[in-house]
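Input: a single structure, listed below in structure tokens.
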Amino acid sequence: MRFQRLRLATGVLVLIPACAPDSVDRPETGGASTAAKRTPTPGHQRMIEELARIAASTEDENDLLGSARIQRVRQALAKLAPDAPAATRFALLADLAEATVYYGDERDGLGLFQQAFDLPRAGIPDEQYQDAKVHHAAAWLRLAETENCCASHHPTSCILPLTGEAVHRKTEGSTNAVRLLGEVLAATDRTSPLHLKAKWFLNMGMMTLGKYPDAIAPADRIPWSFFAGSPDFPRFRNVAAAAGIELSNLAGGSVAEDFDNDGDIDLMLTSYGADGQLEYFRQEGGRFERRTEEAGLLGIVGGLNAIQADYDNDGFTDLFIPRGAWLGKLGLQPDSLLHNNGDGTFTDRAFDAGLAGRDFPNMTAVFVDVDNDGDLDLYVGNETDADVNAPNQLFRNDGNGKFTDIAVSAMVTNGGYSRSVVAGDFDNDDDQDLWCANLYEANRLYRNEGDGTFTDIAPQIGLTGPRQSYTSWFFDFDNDGNLDLHVNTFNAMPEDLAAAALGLPFKASLPALYLGDGRGGFRSVGRDVGLVEPYSCMGGNFGDFDNDGFLDFYAGTGRPMARDLVPDKAYRNVGGKYVDVTLASGLGHLQKGHGRSFADFDDDGDLDVFAQMGGAYRSDLFRNALYENPGFGNRFISVRLEGKRSNRSAIGARIRADIVEGEVRRSIHRTVGSGGSFGANPLRQQLGLGKASRVERLVVHWPTSGTTQTFTDVPLDHHLHIVEGEAAPRSVRPPRPVTLGGPR
């Protein structure tokens, strides 16, 4: 895929792929707007200039998004002596070919692969040769996706099962891939990881050609049962194009929130790299209108993730963007704190607030009131590696627009490669505790001692694993009123998926689910509840798909390499057991998955799902998806809490709905927050109530004030606005459904 390089008036470089929809993806550079008339504050302008400098100075040095790898391999090839070993020349050519494909020049990369395979075979170990052939096949599959899923995009493109418009019309890429993979299968041992990897890609390639499973020899076939999952789950429809949100981007975060307080859920989207423009989409009755320029956000670029909260208690939700993930020394980039001005515009106050200036590579953070003083603090997970010492930061909100880093005195610096940080009161003492998941290192569970310090009790209670942790979250899995902990892993390869499908041993770690007892203890139950298949979760979140009161989850899967072509995973929580509904739901997208947000975008009472697609390499740019929930016929209430003594966003407050369902009484529990650690749900909480005939009590507990409010006669299928300390809900209204992608 060739990229056209455009430079904005801000000086920010933006790469636009040929297959990007013009109406959404081309940055606006002219015309009057609210933002154009505003005078940027010095701190906001400083952020734009600093980000522009980073974009201009690091493009060629970046191994993921830049040409550094290509330059490095070309130099090594140029230095090779004429009599260099054949294996060395072959390896360098194959490496250069793959780097060129990743940079977005698939045809050039395929030509380089062919040069490698045109070399004399003598002296090249067979395993190296066959492995390179798999990489060659993956490059052909990448071209196939560019020429079909991108250039002739359809709402079902790259979503399993591939049928109808999702089947590739241009077959050159997949046909060549299948041929190469067949050769690898014939030349390798059937139990080797390389054979299993080739088998996985062969099945994916055959799916793109519409030939799975019949055209695959039984010995090479991944059984349909591995993909099928639960058949009794309705299909979610991808309506992103109709709704105006089918933005093409690289890896990034998604925040679903009502940023303008009009009752509709809007979207903020980040995109990886120093040139990825932050995008603000305001919802107008089922359609999303791009308001990036009007909001004053042009030039606010980069960031793999984002979270939201009203950090200054002014009634408008703000945004925090961590930056520099995966980049080591190149990731020493300032984070953004975007203050919502309440008039449709945002101002970056990170420098003014003390959140920028001492910068580390990061991708995860959580707003939390650790000292119960009524304003939100910020815990940021940084990435320590061999080149960068990046301790985690705990920024205390000083209540005057400024923050102070107290991580050292609080003893929460971690010192590892943080992949996710989340907060929750796991021991029910009204103090918010902290979890930090690390990649390839021990995880941390910091218990809040209530005196400004924390104690890592993970080693003491056996919560240091899994050692390949990534996205994670606190939630109440079994509705017992105690917080549980879900931890996803990041080490599953295609060969692990193939092995799992065939009932063979695999090396990848499984995701973990730890049930909390409410007193500080946890019990590992992942396998017992159905987490028995490996996957690599990059973005993930939870929500109640079917409004039955039990929380489900959706994992955006994959790894940065182009050759990792695996579907997202969707799991339904059926009364405390997970059931795989990936294929039945239509959520099994094959492209790289990052930010995930559950939200009732169309205000019809059930949760839709936004999926931010795209990977970390230039060739992995893809269009986002917005999946409309078809509905399950269950009841619900949604609750927007407003703190007074507590933080206004009510983060950390607990909600319990006691319901009558037939002859059974049960309780549904929620804790206010934005959900998972990669992708953010609205702070407004939606509680599925199953077939409830009434809500006997709605109970809200506020940890800061230690108070509890109880409401009776709560109507089903309504939105409630509850203010801390008030005797009755401030407002109660029914839904006002709109059609996603309906007429303007």
Side-chain angles (χ1 to χ4, degrees), residues 1-7 12-19 54-81 84-119 124 128-129 131-147 150 173 249-251 271-276 302 304 324-331 361 387 558-565 592 614-622:
M1 184 193 303
R2 295 286 184 175
F3 285 83
Q4 180 179 2
R5 289 164 168 79
L6 301 180
R7 193 171 294 276
V12 176
L13 182 71
V14 178
L15 292 113
I16 303 297
C19 66
I54 292 169
S57 63
T58 64
E59 180 192 6
D60 291 338
E61 301 175 51
N62 190 326
D63 264 7
L64 291 173
L65 296 172
S67 58
R69 181 180 169 192
I70 293 174
Q71 295 171 14
R72 191 166 57 247
V73 180
R74 285 196 182 278
Q75 290 169 4
L77 272 169
K79 293 178 181 178
L80 268 188
T88 302
R89 188 175 300 277
F90 178 83
L92 286 172
L93 270 173
D95 193 15
L96 178 60
E98 188 168 66
T100 303
V101 170
Y102 285 3
Y103 196 60
D105 294 331
E106 287 117 334
R107 288 286 181 185
D108 290 349
L110 287 165
L112 288 164
F113 266 118
Q114 192 58 53
Q115 287 183 40
F117 285 99
D118 285 343
L119 294 173
I124 304 173
Q128 177 187 357
Y129 190 83
D131 185 60
K133 196 174 283 189
V134 173
H135 290 209
H136 190 187
W140 278 114
L141 288 174
R142 174 59 56 201
L143 178 70
E145 292 170 346
T146 297
E147 292 186 340
C150 285
N249 44 228
L250 296 172
S271 186
Y272 189 51
D275 55 10
L304 189 55
W326 296 110
L327 296 179
K329 289 182 178 179
L330 292 180
D387 298 319
R559 290 166 62 87
M561 292 71 74
R563 58 186 179 275
D564 275 18
L565 190 64
K592 304 296 189 298
Y617 288 99
R618 294 294 180 198
S619 62
D620 257 334
L621 183 142
F622 205 78

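Residue numbers start at 1 and run along the sequence shown.
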Below 4.5 Å, heavy atoms only, C-beta onward: do [X] and [Y] meet side chain to side chain?
| X | Y | value |
| --- | --- | --- |
| Phe113 | Glu98 | yes |
| Asp105 | Arg618 | no |
| Arg72 | Asp63 | yes |
| Leu96 | Ile70 | yes |
| Trp326 | Leu304 | yes |

From [X] atom [atom1] to [Y] atom [atom2], the distance as rounded to the nearest 0.5 Å:
| X | Y | atom1 | atom2 | answer |
| --- | --- | --- | --- | --- |
| Leu327 | Leu65 | CG | CG | 7.5 Å |
| Leu141 | Thr146 | CG | OG1 | 11.0 Å |
| Arg89 | Ile124 | CZ | CD1 | 11.0 Å |
| Asp118 | Gln115 | CG | CD | 7.5 Å |
| Leu112 | Leu92 | CG | CG | 12.0 Å |
| Leu250 | Asp275 | CG | CG | 7.5 Å |

Given Tyr272 and Leu64, is the side-chain contact (heavy atoms from CB on, under 4.5 Å) satisfied, shown in steps?
CA-CA 10 Å; Tyr272 189 51; Leu64 291 173; 3.3 Å; yes

Could you tell me which non-hydrogen atom of [X] sits nearest to which non-hydrogen atom of [Y], and how far apart they are?
| X | Y | answer |
| --- | --- | --- |
| Lys592 | Asp564 | NZ-O, 3.4 Å |
| Asn249 | Ser271 | CB-OG, 3.6 Å |
| Gly109 | Thr100 | N-CG2, 3.6 Å |
| Ala132 | Ala94 | CB-CB, 4.4 Å |
| Ala274 | Ala55 | O-CB, 3.3 Å |
| Gly328 | Pro361 | O-CG, 3.7 Å |

Tell me every residue that passes ring pair (Phe, Tyr, Trp, His ring centres under 6.0 Å) with Phe622, counting only those two or more places apart in sequence or in another chain.
His153, His589

Thinking salt bridges, do Asp95 and Arg69 make one under a 4.0 Å N-O criterion?
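Salt bridge flag = yes for Arg69 with Asp95.
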
In terms of ring plane angle, is the pair His136 and Phe117 parallel, tilted or perpendicular, where the classes change at 30° and 60°?
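If you compare the ring of His136 with that of Phe117, the planes turn out parallel.
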
